[in-house]
Participant: 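One structure follows; several queries about it will come next.
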Number of protein chains: 2
Amino acid sequence: MSKQTKARIIDAAEALFAEQGYGQTSMREITSKANVNLASVNYHFGSKKNLIQAVLKRYFDVLMPQVDDMLETLIPSQGRKGVDQLLQGLALPLLHLNAVQPNGTEIFVQLLGKGYTESQGHLRKFILGNYGETIEGLLSMLRIALPAIPADELFWRLHFAIGSFVFSMASSQALKDIAKADYQQDIEIQDVIAHLVPFVAQGISAEGYAREL
Amino acid sequence: MSKQTKARIIDAAEALFAEQGYGQTSMREITSKANVNLASVNYHFGSKKNLIQAVLKRYFDVLMPQVDDMLETLIPSQGRKGVDQLLQGLALPLLHLNAVQPNGTEIFVQLLGKGYTESQGHLRKFILGNYGETIEGLLSMLRIALPAIPADELFWRLHFAIGSFVFSMASSQALKDIAKADYQQDIEIQDVIAHLVPFVAQGISAEGYAREL
DNA sequence: GTCTATAGGATGATAGAC
DNA sequence: GTCTATCATCCTATAGAC
């Protein structure tokens with residue numbers, strides 16, 4: 001029953017990776033949580049690096065085609081409205097990742113964040129190599145929406161935006177606890193995205209540029 | 001010469017922690033870079049955890065009193081202007097950390113970012129326990145600047161803002177690489193902060209609220 | 001495909017000589 | 001305070017029996 005073992009390894013690995021990070025998660029933890037033998041990871045995936053990429057691939061292969069579709073059907077608008085459209089258009093495919101796996105959206109974004117902050121060089125290569133065109137498409141749509149903002153300024157804002165999202169996910173357990181205790185709110189990933197969209201849209205569309213300090 | 005050894009360990013440790021993260025940096029790397037004996041870390045600091053806290057303490061003890069001063073002398077303004085003031089007011093003490101150590105600001109924020117994303121529980125306790133009052137002061141100043149925004153909405157935006165900053169620093173090596181490769185820019189920490197302030201100020205001050213998806 | 005056993009290293013921490 | 005030597009424990013990866 002190879003398929004079962006392989007799937008169980010991926011399921012266990014992604015949960016542990018998302019929670020603890022790649023470097024801090026050992027093969028022993030993974031195989032123990034998956035109830036499979038330690039050696040089976042190397043049999044099925046070859047190495048830990050390959051396992052990490054396989055975990056992400058399952059999500060990217062669902063997400064990216066949907067983003068491509070969205071980009072194709074989107075009628076470009078300029079300014080804040082165009083940015084809003086784009087972000088809303090991204091939100092839906094992201095939420096569809098919940099179909100891959102219960103809690104899939106949250107897991108995926110956490111995996112992304114950990115990949116960024118741990119310097120997993122092989123991950124960047126893997127993502128850009130396999131899904132670079134979609135990312136390029138997103139960027140050019142953003143450039144159309146904000147033609148007055150220089151490319152390098154857009155680069156900065158995009159990363160700040162990603163940071164807002166990824167960090168919120170990375171510390172989502174803390175956020176959930178605080179929100180429940182202080183504001184009597186139960187938070188789901190939809191809520192995070194709903195609050196995030198106006199914040200990011202506003203920040204990205206800002207007309208003032210960097211100023212000397 | 002205890003003092004020299006202790007200082008050399010801290011210097012070497014903070015550089016390695018900022019670059020690689022806490023978990024990925026071994027005592028052997030630290031002592032080798034510092035040119036001291038392996039056992040001296042445990043002699044002077046007791047444990048790796050204590051060393052991590054000592055590294056951060058050197059920066060916090062400079063930063064936080066300056067933030068306190070800033071908060072005391074600040075004349076509160078409302079709206080986007082008040083937010084801008086507050087962020088600018090934070091930027092200067094942060095940049096003063098370059099006096100602690102060459103490249104001190106960058107190192108400090110990277111240390112913070114790594115501490116957030118690696119789940120170093122002891123670090124959060126250490127920070128809140130020792131510098132919680134300053135953080136509370138910052139929060140109440142923000143509430144004065146944006147009285148119309150409900151507390152829970154402010155809570156969200158604050159975390160998005162922190163996320164932009166921390167994430168940008170935690171992944172600053174990646175950002176530098178990309179910026180140099182794609183935009184021929186050499187990035188300094190001032191640049192990150194200068195680009196970040198308008199983005200965050202604009203996002204925090206946004207008048208639109210969360211919308212159902 | 002799955003298992004045990006183990007190679008071959010790295011890690012944090014410490015005992016004890018100097 | 002500084003050193004060497006070492007303990008005990010972790011790690012990834014693999015060889016080889018079943």
Side-chain angles (χ1 to χ4, degrees), chain A residues 1-58 111 114-115 117-123 125-126, chain B residues 1-58 111 114-115 117-123 125-126:
Chain A
M1 296 226 185
S2 143
K3 206 174 175 185
Q4 245 197 48
T5 298
K6 213 171 162 176
R8 279 154 66 137
I9 291 173
I10 291 207
D11 287 348
E14 71 167 31
L16 290 168
F17 286 154
E19 192 191 329
Q20 309 178 329
Y22 304 101
Q24 322 273 349
T25 300
S26 69
M27 310 278 260
R28 279 169 172 80
E29 278 178 286
I30 294 167
T31 52
S32 154
K33 175 166 182 145
N35 265 315
V36 301
N37 188 272
L38 171 61
S40 58
V41 173
N42 277 285
Y43 177 79
H44 286 286
F45 296 94
S47 71
K48 192 179 174 182
K49 274 185 185 178
N50 285 351
L51 173 59
I52 292 174
Q53 296 183 6
V55 163
L56 274 171
K57 182 172 162 51
R58 188 159 68 158
L111 290 171
K114 305 276 180 176
T117 52
E118 301 183 30
S119 32
Q120 298 274 357
H122 67 103
L123 256 191
K125 277 183 205 161
F126 168 75
Chain B
M1 296 228 183
S2 140
K3 204 174 175 184
Q4 245 197 45
T5 298
K6 214 171 162 177
R8 281 154 65 134
I9 291 173
I10 292 206
D11 286 348
E14 71 169 30
L16 290 168
F17 286 154
E19 192 192 329
Q20 308 178 330
Y22 303 101
Q24 322 274 348
T25 301
S26 70
M27 311 277 263
R28 281 167 175 81
E29 276 180 285
I30 294 167
T31 52
S32 156
K33 175 169 182 142
N35 266 314
V36 301
N37 188 272
L38 171 61
S40 58
V41 173
N42 278 284
Y43 176 80
H44 285 287
F45 296 94
S47 70
K48 190 179 175 183
K49 273 185 186 178
N50 285 352
L51 174 59
I52 292 174
Q53 295 183 6
V55 163
L56 273 171
K57 181 172 161 52
R58 188 161 67 157
L111 289 171
K114 305 274 180 178
T117 51
E118 301 183 29
S119 30
Q120 298 274 359
H122 67 104
L123 257 190
K125 274 183 205 162
F126 168 75

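In what follows, every chain begins at residue 1, and chains take the letters A, B, ... in the order their sequences are listed. Predicted model, so just to flag it, every value in this text is computed and none were measured.
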Participant: May I ask you to evaluate whether Thr5(B) reaches the phosphate of dT2(D), defined as a side-chain N or O under 4.0 Å from OP1 or OP2?
Facilitator: yes

Participant: Could you tell me the separation between the CG atom of Leu16(B) and the P atom of dT11(C), rounded to a whole number of Å?
Facilitator: 12 Å

Participant: Write out a two-atom table: protein N or O, nucleotide N or O from nucleotides 13-18 of chain C, distance below 3.5 Å.
Facilitator:
residue, atom, partner, partner atom, Å
dA13(C), OP2, Lys48(B), N, 3.2

Participant: Looking at residues at least two apart in the chain, or sitting in another chain, which of them share a salt bridge (Lys or Arg N to Asp or Glu O under 4.0 Å) with Lys33(B)?
Facilitator: none

Participant: Could you work out, with side chain to side chain contact (heavy atoms under 4.5 Å, CB included) as the rule, every residue matching Ser26(B), not counting sequence neighbours?
Facilitator: Arg28(B), Glu29(B)

Participant: Under the side chain to side chain donor-acceptor pair (under 3.5 Å) rule, collect the residues that match up with Asp11(A), sequence neighbours excluded.
Facilitator: Arg58(A)

Participant: What contact category does Thr25(A) fall into here, base, sugar-phosphate, or nothing, at under 4.0 angstrom with non-hydrogen atoms?
Facilitator: sugar-phosphate

Participant: Could you pull out all residues at least two apart from Thr31(A) that satisfy side chain to side chain donor-acceptor pair (under 3.5 Å)?
Facilitator: none

Participant: Rounded to whole Å, please give me the gap between CG in Asn50(A) and C1' in dA13(D).
Facilitator: 13 Å

Participant: Please check if the number of heavy atoms outside Lys57(B) that lie under 6.0 Å from its NZ is greater than 12.
Facilitator: no

Participant: What residues form a side chain to side chain contact (heavy atoms under 4.5 Å, CB included) with Ala18(A), not counting sequence neighbours?
Facilitator: Ile107(A), Gln110(A), Leu111(A)

Participant: In whole angstrom, what separates Ile30(A)'s CD1 from dA13(D)'s P?
Facilitator: 10 Å

Participant: Nearest-Å distance, CZ (Arg8(A)) to C1' (dG1(C))?
Facilitator: 14 Å

Participant: On DNA chain D, compare the nucleotides closest to Ser26(A) and Asn37(A); which residue's is nearer the 5' end?
Facilitator: Ser26(A)

Participant: Measure CG/Asn35(B) against P/dC3(D) and give the value in whole Å, please.
Facilitator: 10 Å

